[in-house]
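Okay, structure first, notes after.
Naming: A, B, ... by sequence-line order, numbering from 1 per chain. These numbers come from the heavy atoms of this one structure, side chains and all, not from hydrogens, waters or symmetry mates.
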Amino acid sequence: MEFFNTLSGKKEIFKSIRPKKVSLYTCGPTVYDYAHIGNFRAYVFEDLLKRTLIFWGYKVKHVMNITDVDDKTIKKAQSAGKSLREVTDKYIEAFFEDIDTLNISRADHYPRATEHIKEMADMVKVLVQKGYGYKKNGSYYFDISKFKEYGKLAKINRNELRPGERIESDEYDKKNAHDFALWKEKKPDEPFWESEIGPGRPGWHIECSVMSTKYLGQPFDIHCGGVDNIFPHHENEIAQSECFANKKFVNYWLHCHHLIVNGSKMSKSKGNYYTLRDLIKKGIDPMVIRYLLLSTHYRKMLNFSFETLAQSDSALERIRDFLRELKERSFEQGKNPLVQKFIDQTGAEFAESLGDDLNISMALKSVFNFVRKINKLLSKNQVYTEDSKLIVSALKKWDEVLGILPKDEDKELEASIKEKIDQRNKARKEKNYALADKIRDELYKQGIILEDTQDGVRWKKR
RNA sequence: GGCGCGGUACCCAAGAGGCUUAAGGGAGGGGUUUGCAAAACCUCGAUUCGUCGGUUCGAAUCCGACCCGCGCCUCCA
């Protein structure tokens, strides 16, 4: 398979360090608030990547960090008059609820920054000993002039960096404006940890360097995040880790593009964001959100709007209706050789498309083409019992990657609705269509859609 | 100022030199089916890929210029 590696700026054939095993690290949430759907775009992309690797036969070890100490979490705790831990625990819980809602599969480890303070301090200590870091007052900084390859990920020439407009008060003493904090000295009213290098708290980048390699080794295979992490976050991780261990940090860097709303990036600071919870409250099906986030290639900007959301709903409905038809329709005994042929064709295209840098459009195209071909057979009554089982299991197999189809669940209706359906059947038999249509309208208003088929009436939820 | 991404039908979105006089999905028109619907099927739908030049036997795909939108360079997925 091939992936676009930010490091080389081109698609590369993927080769894992150990055969058929992949070590994957993805940048996780900073738990100071609910995540918005722009954040979830990244997590859904990473989920697709992971499921694709598994589909291709890899065993994936996935680690996602949780940033539970930084400026924002501290600020939030202070303003809420709570402890850091109280605040971060709350949003960690919310985060897990949200990824479950979106059917994002769980990582193997979710290390928390605050539980790896000692390792971070140790790493800082070594970096200073080796001459890559220096101390100013109680803080430590990484000296980017000491790492000749600095800028190789972001393609930035360190001499051409433009100093940021916002310089924190505690960073006035840096040698170079772009040297970054490894360790921030203890400040009044801020949480701190005692350590061999003095009291304080870790800088932002050091946690990922420490936790990724602790669980995955160095180098490891794939590191993901949003494009906005390329610089400075990932660039700095590379600098720290490669200077620390004198070896390559990560083989493949995959970054997903932003989710755009009304032409600009969705972000907390701009205030133009929706949390997952906002959308669920509006009655939007989480699987439709997942479909929308999934259906645009990860390296392209995704334009979020309620119109594209509605389009995703319809597209997904086409697949769901198809699955329902196969599960609920009655078939005659037998087998149509065309069905297996279509399944094989589609399966091959599907896997190949995803293996080509996660070309989701092509993958979905093969699924939709498959749906149309089978629907055509269905309309001619050329699908049989054996076929329907094969089709359903093929769809489920592909859905192990996509994760968008509903789980098998007992379809139970309230007695009152069942009764209405019976009444309507009776009315139809008596050709009392006025009454039958009236009942159908009533049920529609209650969220139940009725469809009359060869096998009798069938219902679905709106 | 530096670096980077993108502009394909009404909307979303593939394609990256000939297989394509451009996939797939949504919306829309017409038809089949249906008591009527719904779903499904058939069918219509860009002679054209931001603009203008160039390279080539051949370009949406390569090169150049320009226009427009966006991102990063500062916390951000």
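Listed nucleotides: B/C5, B/A38, B/C12. Nearest to the side chain of A/Ile449: B/A38. If you check B/G24, B/A14, B/A39 against the side chain of A/Glu451, the one that comes closest is B/A39. Here B/C11 is the nucleotide among B/C11, B/G24, B/G71 with the atom lying nearest to any side-chain atom of A/Gln311. Checking B/G24, B/G7, B/C70 against the side-chain heavy atoms of A/Met301 singles out B/C70 as nearest.
No hydrogens or angles considered: nothing links the side chains of A/Asn359 and A/Ser361 as a donor-acceptor pair under 3.5 Å. Side-chain contact, A/Tyr150 with A/Asn236: a donor N or O sits under 3.5 Å from an acceptor N or O. With 3.5 Å as the limit, one finds a donor-acceptor pair spanning the side chains of A/Ser105 and A/Asp47. Side-chain atoms of A/Asp356 and A/Ser353 form no donor-acceptor pair, as typed in the model, at a separation below 3.5 Å. A/Asn369 and A/Ser366 share no side-chain donor-acceptor pair at under 3.5 Å. A/Asp357 and A/Tyr298 share a side-chain donor-acceptor pair at under 3.5 Å.
A ring-centre distance under 6.0 Å is not found for A/Phe180 and A/Tyr141. Checked against a 6.0 Å centroid threshold, the rings of A/Phe306 and A/Phe304 count as neighbours.
Judged by atom type and distance alone, A/Arg440 reaches the base of B/A37 through a side-chain donor-acceptor pair under 3.5 Å. No hydrogens or angles were tested; on distance alone, a donor-acceptor pair under 3.5 Å links the side chain of A/Asp452 to the base of B/C36. Counting distance only, with no hydrogens placed and no angle test, the side-chain atoms of A/Glu307 and the base atoms of B/C11 include no donor-acceptor pair under 3.5 Å.
Among the heavy atoms of the strands lying under 4.0 Å from A/His257 is at least one base atom, whether or not backbone atoms are also near. When heavy atoms are screened at a 4.0 angstrom cut-off, A/Gly38 is found touching base atoms of the nucleic acid. Using a 4.0 Å heavy-atom distance criterion, A/Asn39 is classed as a base contact. No engagement by A/Ser305 is indicated, since no non-hydrogen atom pair under 4.0 Å with the nucleic acid exists. Among the atoms of the strands shown, base atoms are found under 4.0 Å from some heavy atom of A/Asp437. Residue contacts for A/Ile230: at a heavy-atom cut-off of 4.0 Å it reaches no nucleic acid atom on any strand shown. Among the heavy atoms of the strands, none lies under 4.0 Å from A/Ile360. A/Asp313 comes within 4.0 angstrom of nothing in the nucleic acid, heavy atoms only.
Mapping A/Leu292 and A/Ser267 onto RNA chain B by nearest heavy atom places A/Leu292 closer to the 5' end of the strand. In this structure, A/Ala315 and A/Ser295 both approach RNA chain B, and ranking their closest nucleotides by distance from the 5' end singles out A/Ser295.
Remark: A/Lys155 is not in phosphate contact with B/C73, judged by side-chain N or O atoms under 4.0 Å from OP1 or OP2. Distances shorter than 4.0 Å separate none of the side-chain N or O atoms of A/Arg428 from OP1 or OP2 on B/C36. Of the side-chain N and O atoms in A/Arg372, one or more sit less than 4.0 angstrom from OP1 or OP2 of B/G24. Residue A/Asn303 places no side-chain N or O under 4.0 Å from the OP1 or OP2 atom of B/G6. The side chain of A/Lys380 contributes no N or O atom lying less than 4.0 Å from OP1 or OP2 of B/U32. Between B/C41 and A/Lys373, no contact under 4.0 Å exists linking OP1 or OP2 to a side-chain N or O. Between A/Ser314 and the phosphate of B/A27, there is a side-chain N or O to OP1/OP2 separation shorter than 4.0 Å. At B/C41, one or more side-chain N or O atoms of A/Arg318 fall inside 4.0 Å of OP1 or OP2 (strictly under the cut-off). Taking only side-chain nitrogens and oxygens, A/Lys376 comes nearer than 4.0 Å to OP1 or OP2 of B/C42.
Under the Watson-Crick and G-U wobble criteria, each requiring two contacts below 3.5 Å, nucleotide B/G45 is left unpaired. Pair check for B/A23 finds none; no Watson-Crick or G-U wobble contact set falls under 3.5 Å. B/A59 is unpaired under the criterion used here, namely a Watson-Crick or G-U wobble arrangement in which both key atom distances are under 3.5 Å. The partner of B/A40, taking Watson-Crick or G-U wobble pairs whose two distances both stay under 3.5 Å, is B/U32. Nucleotide B/A13 forms no Watson-Crick or G-U wobble pair with any nucleotide shown, as no partner meets the under 3.5 Å limit on both distances. Across all strands shown, B/G4 forms a Watson-Crick or G-U wobble pair, both distances under 3.5 Å, with B/C70. Partner assigned to B/G64 is B/C52, using Watson-Crick or G-U wobble distances below 3.5 angstrom.
Atom C1' of nucleotide B/C75 and atom NE2 of A/His205 are separated by 10 Å, given to the nearest angstrom. Taking atom CZ of A/Arg424 as the reference point, atom C1' of B/A37 lies 9 Å away to the nearest angstrom. With rounding to whole Å, A/Trp253 atom CH2 is found 18 Å from B/G4 atom C1'. Atom NE2 in A/His255 sits about 18 Å away from atom P in B/G71, given to the nearest Å. Across the protein-nucleic acid pair, A/His233 atom NE2 and B/U74 atom P stand 15 Å apart, rounded to whole Å. Atom NZ of A/Lys270 is separated from atom C1' of B/C75 by 13 Å (rounded to the nearest Å). The CG-P distance, from A/Asn432 to B/C36, rounds to 16 Å in whole Å. The distance from atom NE2 of A/His178 to atom C1' of B/C3 is 13 Å, rounded to the nearest whole Å.
For the P atom pair drawn from B/G58 and B/A65, the interatomic distance equals 23 Å after rounding to whole Å.
Look at A/Phe368 and the base of B/G24; the rings do not stack under the cut-offs of 5.5 Å between centres and 30° between planes.
Under the 6.0 Å distance and 45° angle rule, A/Lys268 counts as a cation-pi partner of A/Tyr32.
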